[in-house]
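Please read the structure below before turning to the comments.
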Amino acid sequence: MKNGNAGISKLRFWLGLSLFVVMFLLLMVQIDRQWTKMDEMTRIMEEQAKDIRSTRGLLRNLEQAMRTADFSSRSNISNAEKSASNETDAFERARQAAEQEDYAQGDWMMMAFGSNIRTLTPLVSADAYSSEVQQYVLESLLVRNPDTLEWNGLLAEDWSTSADGLTITFALRRDITFSDGEPLTAKDVEFTFNFIMNEAIAAPRSRAYLSRMERVTALDDYHVEFVFKEPYFNSLQLAGSLQIMPEHFYGRFLDDPQTFNESRGLLLGSGPFRLANPEGWSPDAGVVELVRNPRYWGPVSASFDRIVWRIIENDSARLTTFRNGDIDVYSARPREYQTLLDDKDITERSQNFEYMSPTAGYSFIAWNQERGGEKTIFADKRVRMAMSMLTDVDRVLEEIFLGYGQPAASPFMPGSAQHDKANEAIGYNIEKARELLLEAGFQDSNNDGVLETPDGDNFEFSLTYFQDSDDTRRMVLFLRDLYARSGIIMEPNPTEWSVMVENIQQKNFDAITLAWTSGIEIDIYQMFHSSQTVEGGDNFINYRNPELDAIIDAARGEVNEQKRMALWHQAEKILVEDQPYTFLFRRNTMAFIDRRIHNLEKTSLGLNLMSVPVEIYVPAELQHSR
């Protein structure tokens, strides 16, 4: 019996100990939750305290204005560029939307990204998805009117340019706060420029973009001056589109740049939406969720309570999610577009749009000319030209993308003043391509059907592409067969997006297919100027041409539009002759959007789906219970 009692005692002891451990763990989890809640409550209370201080400041300003009888909020700076567009503000279209009879606030906008985002932190992020999120959080001094393409004031209410074109002075609105309640002043504008230009910050792309600026100086709290080193054709866009970062939030990283450079979710601004925790986002979340900024300064608040992007990398899974009504927007692939137009379930619940946006950009294959310090086979422009001639873009466009697009001759948009019709797209010409390769020393010496390089190696390379794009995969396989007919071995290299970004930054690839977004008049300095072959720069193929460098420099400094366009035409001619990229095509956008989303319109910039200020909404009776 003694042994039996001892056994029962041991069992009780271990059960008791196990219970204690479980209770202890539960207690720790509960404490952790409470601390998290306390942190959140502390942050909210701090922000509310700031709001109270801000309100007191406004009351003091109002009292001062009443004493001095000065009720003007506009700057006294003369605006040499004041135009009809500046008589309205950036909120005109959003204001008109809010006046619609069925307008209502509420509901969530649900969308999807085809790949995960590496980081949401501005400057260190490098993809279009992160830019899409940031545009709702960060704001610039000016925005383009979607109808007229003229500039409207956003954070700036007025601006003027000096007679020599080297100085632009902005007068800021006086009622702007960041989403945490801190006021936005000219000092934040000055800080943003200095932060970007600090070499310790991993922002080579942005530094290259701003390289023509000499300084940005806050003249007082509400006036800021941009001074350029030399004339620059796009100076107003360069200064006006700078997204303003709060000094009180980002300034600490000047003492710890590595933490900023390696961060994943440091995002805080003055825009209509905000991250619930401006420091807490991580790619592991698998979703990006923005909430409406309750302190938004604009005269029209955004309609949606939240904007959410789910990460759904597989094309078919994304369509299924749209069919189920779990996302509101689906960008169709060409092969399924016609099928979906005949799909009653899809057409009854959605509206479809087909268009080519001037900002949609172009697809390309980039040929890396230097890898590991050694020149590659693509350093010879005859080889690059031959590869372009062997790339049957018309067949790719017709057979894989079903004609929904147009061939690209260069980075410049067809129909724009930057494009010269004399610079035509490189056509498919297998005989000429073989002549060029033979001239460059590539021939099939042993009759095995494969070309050998001048060093006797097989002509083979890998083509890196995003693994979850079915259309791109089909295109790469099509090109593999096409190149093989001319004795060239191309190895498809499907890659995760995060790995692709790292390989681009490290220039660790033979060839890669990607797409650039575009604009009304684009500056090609970052992509093709020799100075941008630096690590992290956008000339990630090590392409160098001193003649092109000089033309790009001259074009950027030419404010006379006619003379500048002539220079862009020369630059385009060199790009067509050099083929640093094989320019593929510009694709149509084919989107299905839930019918409950109202006020969708095509503008001069494309569909207003992503316009900020937000001008689309869901009428109250159509809103989901979210």
Side-chain angles (χ1 to χ4, degrees), residues 112-134 202-205 261-265 282-284 286 288 309-315 317-318 331 333 360-372 376 378 387 391 396 400 411 460-480 490-518 526-528 532-543 580-585 587:
F113 286 147
S115 62
N116 206 352
I117 297 177
R118 184 168 164 264
T119 173
L120 279 179
T121 301
L123 306 181
V124 295
S125 60
D127 57 272
Y129 288 162
S130 57
S131 296
E132 186 176 319
V133 177
Q134 290 162 8
R205 180 177 293 105
N261 296 339
E262 295 175 355
S263 65
R264 296 291 178 258
S282 164
D284 297 335
V288 181
W309 293 266
R310 295 175 56 183
I311 311 300
I312 307 174
E313 299 190 346
N314 183 274
D315 290 341
R318 209 159 44 250
S331 293
R333 291 166 288 160
Y362 58 95
S363 302
F364 60 87
I365 299 173
W367 309 105
N368 195 1
Q369 298 177 33
E370 186 180 301
R371 190 171 180 181
T376 71
F378 302 120
M387 295 308 299
T391 305
V396 169
I400 297 176
E460 57 185 330
F461 68 97
S462 68
L463 177 56
T464 301
Y465 68 98
F466 176 48
Q467 64 179 9
D468 289 313
S469 171
D470 289 342
D471 288 334
T472 305
R473 178 180 55 80
R474 273 196 286 270
M475 179 186 77
V476 170
L477 295 179
F478 175 83
L479 293 179
R480 179 189 61 181
M490 182 262 273
E491 187 69 32
N493 182 27
T495 309
E496 291 180 13
W497 179 247
S498 59
V499 178
M500 279 185 75
V501 171
E502 287 183 14
N503 288 343
I504 291 169
Q505 291 177 337
Q506 297 169 8
K507 305 178 181 182
N508 183 27
F509 62 90
D510 293 332
I512 193 167
T513 182
L514 290 166
W516 282 119
T517 55
S518 194
Q526 288 171 250
M527 289 79 90
F528 300 113
Q532 299 308 300
T533 55
V534 294
E535 184 177 350
D538 283 340
N539 187 346
F540 45 76
I541 55 171
N542 298 297
Y543 169 63
Y581 295 170
T582 291
F583 299 98
L584 295 173
F585 40 76
R587 291 170 58 181

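On a predicted model such as this, the values are computed, not experimentally measured, just so you know.
- Taking CZ from R205 and OG from S125, the interatomic distance works out to 8.5 Å, rounded to the nearest 0.5 Å.
- Considering only heavy atoms from C-beta on, F466 stays 4.5 Å or farther from T472 through its side chain.
- Pairs engaging residues 362-372 under the salt bridge (Lys or Arg N to Asp or Glu O under 4.0 Å) rule: E370-R544, R371-D510 [sequence neighbours left out].
- The shortest non-hydrogen separation linking R318 to G114 is NH1-CA, 3.5 Å.
- Contact between I117 and V288 at its shortest, heavy atoms only, is CD1-CG2, 4.1 Å.
- In this structure a side-chain-to-backbone donor-acceptor pair under 3.5 Å is missing from D538 to Q526.
- Looking at T533, its side chain never comes within 3.5 Å of a backbone N or O of N539 through a donor-acceptor pair.
- One distance of note links CD1 of I541 with CD1 of I504; it measures 11.5 Å at 0.5 Å rounding.
- Taking both residues in full, the closest heavy atoms of T121 and G265 are given as OG1-N, 3.5 Å, listed atom of the first, atom of the second, then distance.
- Not counting sequence neighbours, D468 has no partner by the side chain to side chain donor-acceptor pair (under 3.5 Å) test.
- Side chain to side chain, T391 and T582 fail the donor-acceptor criterion of an N or O pair below 3.5 Å.
- Residue pairs meeting the side-chain hydrogen bond (donor to acceptor under 3.5 Å, both in side chains) criterion with at least one partner in residues 490-499, sequence neighbours excluded, are T464-N493.
- The structure places OG of S462 at 9.5 Å from CD1 of I512, a figure rounded to the nearest 0.5 Å.
- Atoms CG and OH, on L477 and Y465 in that order, are 5.5 Å from each other to the nearest 0.5 Å.
- For the atom pair CD of Q532 and CZ of F540, the computed distance is 12.5 Å after rounding to the nearest 0.5 Å.
- Side-chain contact between F461 and M490 is present, with heavy atoms from C-beta onward closer than 4.5 Å.
- In this structure, L479 and T513 have side chains that are not in contact, with every pair of non-hydrogen atoms separated by 4.5 Å or more.
- Contacts of F528 classified as ring pair (Phe, Tyr, Trp, His ring centres under 6.0 Å), with partners at least two apart in sequence or in another chain: Y581.
- The two residues A203 and L123 come nearest to each other via the heavy atoms CB-CB, 3.9 Å.
- Contact detail for T376 and N368: the closest heavy-atom pair is OG1-O, 2.5 Å.
- Listed by chain and residue number, D315, R333, R473, R474 satisfy the side-chain contact (heavy atoms from CB on, under 4.5 Å) test with D470 (two or more places apart in sequence, or in another chain).
- Between the side chain of N503 and the backbone N or O of F509, no donor-acceptor pair lies under 3.5 Å.
- Scanning all heavy atoms of the two residues, the minimum distance from S363 to R587 falls at OG-CD, 4.3 Å.
- Pairs of residues two or more places apart, or lying in two chains, never qualify as salt bridge (Lys or Arg N to Asp or Glu O under 4.0 Å) while including a residue from residues 113-132.
- Here CH2 of W367 is found 6.5 Å from CG of L463. Values are rounded to the nearest 0.5 Å.
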